[in-house]
Amino acid sequence: MSEHIKVGGETTSDVDHIDFDDNRLVADLSGEFDAHLAILEDALGVRIDPLGNRFAVSGDAGARSLAVTALKSLYEKLRRGEAVGTGDVRAAAKLMETPHLPTKSKVSPTVSSATPSIKTPKRLITARTPNQAAYMQKLGSHDLTFGVGPAGTGKTYLAVAHAVGLLLSGAVERIILSRPALEAGERIGFLPGDMKEKVDPYLRPLYDALHDMMHPDYIERRIAAGDIEIAPIAFMRGRTLARSAVILDEAQNATPVQMKMFLTRLGEGAHMAITGDPSQSDLPAGQMSGLSDALSILSDVEGVAQSWFETSDVVRHPLVTRIVDAYDRQPTSQKR
């Protein structure tokens with residue numbers, strides 16, 4: 001006889017019941033017109049019937065177990081005072097597929113090895129897909145981590161969250177965020193304004209990530225003090241980045257020479273994350289991307305980790321996943 005999870009109430013041969021004690025939270029858990037339950041049903045192949053404060057979960061035994069675990073996880077999130085939206089529900093369903101994450105000999109104090117999460121002043125950042133969970137573990141256990149895959153998969157956001165966690169815990173003294181400005185050649189001289197005004201538009205995604213995790217006045221103070229630096233890759237030449245959390249975003253637009261220069265800036269006590277999507281390079285036709293080059297050269301180097309994301313890891317609007325898939329189905333000759 002198969003085993004069943006019993007979380008309050010009765011358990012029949014093909015139905016598990018789970019009871020919750022807060023009517024208001026149960027309503028938030030279900031979502032408007034039970035939309036959250038419908039997402040779990042579709043993702044996990046079960047049926048969930050709300051019966052007041054009790055949910056009846058029917059279907060395959062394994063799927064029922066996953067659904068009950070997802071419901072409990074989402075309810076605990078609501079009990080902590082956190083909001084639960086459709087994205088959180090989809091994430092909970094995806095995380096049911098997360099394999100056991102092995103404990104590393106070196107794990108960042110900002111990342112939980114059991115449930116990957118990072119606490120920042122404004123929010124608790126948690127993994128929303130199995131690949132994100134693995135990525136967060138690698139960020140915490142390696143000095144150099146590559147996050148590679150399509151837009152919207154959280155590569156840069158999670159890397160910034162990890163950097164913020166390291167800074168606030170005192171594990172590093174500063175955060176350095178960089179990316180190629182405009183194109184790999186960094187042809188920004190025609191833009192009006194001083195250098196900061198020229199490059200800021202291209203670094204805005206990094207500012208946005210910081211502002212999602214820390215309060216604006218605090219960010220400005222840390223920038224003024226030099227504890228947070230956001231600059232184009234060209235500004236890294238000749239420097240040694242010690243005791244720093246360093247991130248290179250949009251790395252597919254760096255040339256191999258730029259990439260080697262950036263990687264060799266790594267100093268004592270530093271942690272580096274390189275993020276990008278090799279399929280979205282803006283380099284001239286025929287020019288190898290520094291990201292693709294580095295992934296190949298460093299694939300077997302000790303201390304270097306690579307995390308690869310897929311369209312199923314996209315955590316933006318669900319339509320983004322379908323858009324990326326549609327573009328990927330185009331013949332190679334039609335791709336940019």
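Note that these values count all heavy atoms, side chains included, but never hydrogens, waters or copies made by symmetry.
Sequence neighbours left out, the pairs with a member in residues 210-221 that pass side-chain hydrogen bond (donor to acceptor under 3.5 Å, both in side chains) are Arg123-Asp212, Tyr157-Asp212, Tyr218-Arg222. Screening residues 291-306 for side-chain hydrogen bond (donor to acceptor under 3.5 Å, both in side chains), with sequence neighbours left out, gives Gln306-Trp308. Residue pairs satisfying the salt bridge (Lys or Arg N to Asp or Glu O under 4.0 Å) criterion with at least one member in residues 163-177, sequence neighbours excluded, are listed as follows: Glu173-Arg243. Among residues at least two apart or in separate chains, there is no salt bridge (Lys or Arg N to Asp or Glu O under 4.0 Å) pair with a member in residues 265-277. Pairs engaging residues 238-266 under the ring pair (Phe, Tyr, Trp, His ring centres under 6.0 Å) rule: none recorded [sequence neighbours left out]. Applying the ring pair (Phe, Tyr, Trp, His ring centres under 6.0 Å) test to pairs two or more places apart or on separate chains, none has a residue in residues 23-47. Among residue pairs with one or both ends in residues 285-305, none qualify as ring pair (Phe, Tyr, Trp, His ring centres under 6.0 Å); sequence neighbours excluded.
Considering only residues two or more places apart in sequence or on other chains, Glu41 meets the side chain to side chain donor-acceptor pair (under 3.5 Å) condition with none of them. A search for side chain to side chain donor-acceptor pair (under 3.5 Å) contacts involving Asn23 returns Asn53, not counting sequence neighbours. For Glu310, there are no salt bridge (Lys or Arg N to Asp or Glu O under 4.0 Å) partners two or more places apart in sequence or in a different chain. Under the side chain to side chain donor-acceptor pair (under 3.5 Å) criterion, Asp49 pairs with Arg47, not counting sequence neighbours. Under the rule for a side chain to side chain donor-acceptor pair (under 3.5 Å), the partners of Arg80 that lie at least two apart in sequence or sit in another chain are Glu82.
Heavy atoms from other residues, nucleotides or ligands lying under 6.0 Å from NZ of Lys122 number more than 12.
By the 4.5 Å heavy-atom criterion applied to side chains, Ser58 and Asp14 are not counted as neighbours.
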